[in-house]
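In each ligand, atom 1 is the first atom listed, and ligand 1 is the first ligand listed.
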Amino acid sequence: MPTSKHIILAGCGNMGYAMLEAWISRGGIPPRNVHVVEPVEALRSRAAVTGANAYGNIDEIDPTLQPAIIVVAVKPQVIAAVLEAYRRFASSAVFVSLAAGVSIETLETCLGPCAAMRAMPNTPASIGQGMTVTFANPRVGTAQAQRAGELLAATGEVIAVSSEHLVDVATAISGSGPAYLFHFLECLASAGQALGLDRETALILARQTIRGAAEMAATREDDPEVLRREVTSPNGTTAAALEVLMGQNALMALMRDAAAAAYKRAVELSRAN
Ligand SMILES: NC(=O)C1=CN([C@@H]2O[C@H](COP(=O)(O)OP(=O)(O)OC[C@H]3O[C@@H](n4cnc5c(N)ncnc54)[C@H](O)[C@@H]3O)[C@@H](O)[C@H]2O)C=CC1
Ligand SMILES: O=C(O)[C@@H]1CCC=N1
């Protein structure tokens, strides 16, 4: 039997659509091989614009379709109810769940014994700059892992971890991380406004600063501390600001508390779902 090239994407909200965009625009995945299931009509139409097949319900898909990969991008709170209708694919497809805090054990409880992977992506996936962390159960075969890995690689970097709880840690760092950066952008722009810039100019300055600094951090191999020191003249302006941010480890402590709260929530979700 030829290997199926078909992919089902269950859920095409923020994260599902980010993945879909990357697969089609950067991953060389023919849209006709992607089958999106999304109950919200507006989101379904958005998905259909990419050329992918779009359905409101899994039962609308050709019953003879044998997908190789099923990417599950629905909220953790509904995943158990949603997966009920996907049990029929459990013996042949590999399931890749993006749901925060939903364990492999829960996926297997919903689907029965199956090849199951957790993947924790982030929204920069939509522009091919994502970070995805994966963990697979032993039923995922080498070829399945490779195909799923290729699919995820279309969205950016992919790292496999050897212990499942590290997916929850990754959720708190890279999964939620873009929101931390967007909030930092809001804060920096707001500080500019407080000092007299108009909002538009403050946002331009903050956005391009974050973009340039992120690009430098990504392209130079130096430790971030080296990059920070290059900006910091002795007794200068940066030193004055860093005394506020780094005094008593202020930002470090805040960031650790924030990430710990996200991790705790992932663990709570894993107990609730
Ligand atoms: N948004 C993010 O940055 C990230 C989200 N995730 C995970 O991705 C998953 C989706 O999150 P978002 O995209 O943010 O949520 P979302 O609410 O934007 O998307 C979920 C989509 O699932 C759809 N849906 C509901 N029932 C369905 C069904 N029976 N069949 C197919 N689709 C159905 C909803 O209509 C909705 O469009 C969550 O489990 C989340 O933990 C993971 C990493 C990052
Ligand atoms: O906020 C959430 O629960 C999801 C998981 C990581 C990013 N968004």
Side-chain angles (χ1 to χ4, degrees), residues 7-23 34-50 52-61 67 70-89 95-104 106-107 110-111 116-127 129-135 151-152 155-159 161 166-183 258-273:
I7 299 158
I8 292 180
L9 172 63
C12 201
N14 294 311
M15 198 60 242
Y17 185 68
M19 306 286 280
L20 178 68
E21 271 189 303
W23 295 341
V34 183
H35 307 264
V36 175
V37 182
E38 170 54 63
V40 176
E41 192 180 348
L43 301 179
R44 207 160 57 240
S45 305
R46 178 177 70 166
V49 170
T50 67
N53 307 284
Y55 313 87
N57 190 295
I58 182 67
D59 298 330
E60 293 169 18
I61 286 187
I70 299 175
V71 176
V72 186
V74 301
K75 291 287 190 200
Q77 291 82 356
V78 302
I79 196 167
V82 171
L83 286 182
E84 190 58 37
Y86 289 76
R87 284 183 82 104
R88 64 188 161 103
F89 301 114
F95 282 79
V96 180
S97 163
L98 312 185
V102 173
S103 65
I104 293 277
T106 298
L107 297 173
C110 298
L111 293 162
M117 270 175 89
R118 289 180 65 181
M120 181 44 57
N122 61 18
T123 53
S126 65
I127 56 163
Q129 295 291 339
M131 179 70 246
T132 302
V133 171
T134 63
F135 178 82
L151 193 62
L152 295 170
T155 69
E157 298 293 320
V158 183
I159 288 183
V161 289
L166 293 178
V167 179
D168 294 328
V169 175
T171 305
I173 305 301
S174 50
S176 298
Y180 313 159
L181 260 294
F182 297 139
H183 184 53
Y263 176 71
K264 180 168 167 269
R265 183 65 190 132
V267 173
E268 280 168 11
L269 283 168
S270 70
R271 292 196 182 121
N273 294 289

So, do P67 and H35 sit near enough that their side-chain heavy atoms are less than 4.5 Å apart? no

Taking non-hydrogen atoms only, is L43 closer than 4.0 angstrom to ligand 1 via side chain, backbone, both or neither? side chain

Which ligand 1 atoms, with their elements, are less than 4.0 angstrom from a heavy-atom of V40? 35 (O)

For atom 28 (C) of ligand 1, find the nearest protein heavy atom and state the residue, atom name and distance (0.1 Å precision). V82 CG2, 3.8 Å

Any idea which protein heavy atom is nearest atom 19 (O) of ligand 1, and the distance to it? G13 CA, 3.3 Å

Which of the atoms of ligand 1 are close to A100, meaning less than 4.0 Å from one of its heavy atoms? 39 (O), 41 (O)

For F95 and Y86, take the angle between the two ring planes, folded into 0 to 90°, and tell me which bin it lands in: parallel under 30, tilted 30 to 60, perpendicular over 60. perpendicular

Nearest non-hydrogen protein atom, atom 31 (C) of ligand 1: V37 O, 3.1 Å

In this structure, CE of M117 is separated from CG of L98 (nearest 0.5 Å) by 10.0 Å

Between V74, I8, V71, N14, flag the one that comes closest to atom 9 (C) of ligand 1 by a heavy atom. V74

To which protein heavy atom is atom 5 (C) of ligand 2 closest, and what is the distance rounded to 0.1 Å? A100 CB, 3.7 Å

Could I get the full list of side chain to side chain contact (heavy atoms under 4.5 Å, CB included) partners for C110, not counting sequence neighbours? A80, L83, T106

Any chance you could measure L20, atom CG, to M15, atom CE, to the nearest 0.5 Å? 11.0 Å

CG-CD1 distance between L107 and I79, expressed to the nearest 0.5 angstrom: 5.5 Å

Quick one: look up the protein heavy atom nearest atom 1 (O) of ligand 2 and list residue, atom name and how far away it is. S176 OG, 4.5 Å

Of all the atoms in ligand 1, which lie at a distance below 4.0 Å from a heavy atom belonging to M120? 42 (C), 43 (C)

Is it true that E268 and R265 have a side-chain N and a carboxylate O under 4.0 angstrom from each other? yes

among protein heavy atoms, the one nearest atom 33 (C) of ligand 1 is P39 CD, 3.3 Å

May I ask you to identify the nearest protein heavy atom to atom 7 (C) of ligand 1, giving residue, atom name and distance to one decimal place in Å? L98 O, 3.2 Å

min-distance protein heavy atom vs atom 7 (C) of ligand 2 -> G175 O, 3.4 Å

With heavy atoms and a 4.0 Å threshold, my read on which part of A73 contacts ligand 1 is backbone

Checking a contact table here: which protein heavy atom is nearest atom 23 (C) of ligand 1, and how many Å away? E38 OE1, 3.3 Å

Nearest heavy atom to atom 43 (C) of ligand 1 wins, so pick from P124, G175, P121. P121

Checking a contact table here: which protein heavy atom is nearest atom 3 (O) of ligand 1, and how many Å away? T123 CG2, 3.4 Å

Side chain proximity check, M19 to L152, heavy atoms < 4.5 angstrom: yes

E38 side chain to L43 backbone, donor-acceptor under 3.5 Å: no

Option nearest atom 13 (O) of ligand 1 (shortest heavy-atom distance, choices E41, R46, M15, E84): M15

Rounded to the nearest 0.5 Å, what separates atom CZ in F182 from atom OG1 in T123? 5.0 Å

Mind listing the side-chain donor-acceptor pairs of residues 166-181 below 3.5 Å, one per line with the distance, residues two or more places apart or on another chain?
| residue | atom | partner | partner atom | Å |
| --- | --- | --- | --- | --- |
| D168 | OD1 | R118 | NH2 | 2.8 |
| T171 | OG1 | V167 | O | 2.7 |
| S174 | OG | A170 | O | 3.2 |
| S176 | OG | T171 | O | 3.2 |
| Y180 | OH | A172 | O | 2.6 |

Enumerate the atoms of ligand 1 whose separation from the nearest heavy atom of K75 is less than 4.0 angstrom. 11 (O), 12 (P), 14 (O), 15 (O), 16 (P), 17 (O), 38 (C), 39 (O)

I'd like to know if the side chain of N53 reaches the main chain of V34, judged simply by a donor and an acceptor atom lying under 3.5 Å from each other, with no hydrogens or angles considered. yes

